[in-house]
Amino acid sequence: MGWVGSFFILLSYGLTLSKKRDFSVQSRYLNMVGGMFIAINCLYYNAIPPFVTNLIWSIIAILSIYRARKHFINTNKQ
């Protein structure tokens, strides 16, 4: 689970470097799921500092998704 989470986060970063297409939506979800996977893996192995770091990383991604959806809804109402 930790390896998959790490792959998701690296893929997310790689997608942000793309100049041909906007992958920001996919990147947010990959960050969220990747952070959660790594956090679960760290919790399983009782690695508390990286668990907390990845939990916060996932929360930031969730807030980013929420703000993007809220902005999208407000933009479409106008």
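The analysis underlying the following values was restricted to heavy atoms, covering all of them including side chains, and did not include hydrogens, waters or symmetry mates. Treat the numbers as computed from the prediction; the structure is a model and nothing was measured.
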Can you measure from CD1 (Ile62) to CE (Met36) and round to the nearest 0.5 angstrom?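 Ile62 CD1 to Met36 CE: 3.5 Å, rounded to 0.5 Å.
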Would a hydrophobic clustering, with Ile, Leu, Val, Met, Phe, Trp and Tyr connected at side-chain separations under 4.5 Å, put [X] with [Y]?
X: Phe23; Y: Val25; result: yes
X: Val33; Y: Met1; result: yes
X: Ile48; Y: Leu55; result: yes

Taking transitive links into account, so neighbours of neighbours count too, which hydrophobic residues share a cluster with Leu17 at under 4.5 Å side-chain distance?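 So far as hydrophobic clustering goes, Leu17 is joined with Tyr13.
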Residue list, side-chain contact (heavy atoms from CB on, under 4.5 Å) with Ile56, at least two apart or on another chain: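 If we apply the side-chain contact (heavy atoms from CB on, under 4.5 Å) test to Ile56, skipping adjacent residues, the hits are Val52, Ile60.
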Leu11: partners by side-chain contact (heavy atoms from CB on, under 4.5 Å), with sequence neighbours left out: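 Once residues adjacent in sequence are excluded, the partners of Leu11 under the side-chain contact (heavy atoms from CB on, under 4.5 Å) criterion are Phe7, Leu15, Leu30.
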Where Gly34 and Phe8 come nearest, the two heavy atoms and their spacing: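 Minimum heavy-atom separation between Gly34 and Phe8: CA-CB, 3.9 Å.
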Minimum-distance pair of heavy atoms, taken over all atoms of Ile9 and Gly35: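 Reported closest heavy-atom pair: CD1-N, 3.7 Å.
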Could you pull out all donor-acceptor pairs under 3.5 Å where a side-chain atom in residues 64-71 meets a protein atom, sequence neighbours excluded?
| residue | atom | partner | partner atom | Å |
| --- | --- | --- | --- | --- |
| Ser64 | OG | Arg28 | NE | 2.9 |
| Arg69 | NH2 | Tyr29 | OH | 2.6 |

With side chain to side chain donor-acceptor pair (under 3.5 Å) as the rule and sequence neighbours excluded, what pairs involving residues 35-58 come up?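 Qualifying pairs: Asn31-Trp57.
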With Ser6, which residues qualify under side-chain hydrogen bond (donor to acceptor under 3.5 Å, both in side chains), at least two apart?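 Listed in chain order: nothing, the list is empty.
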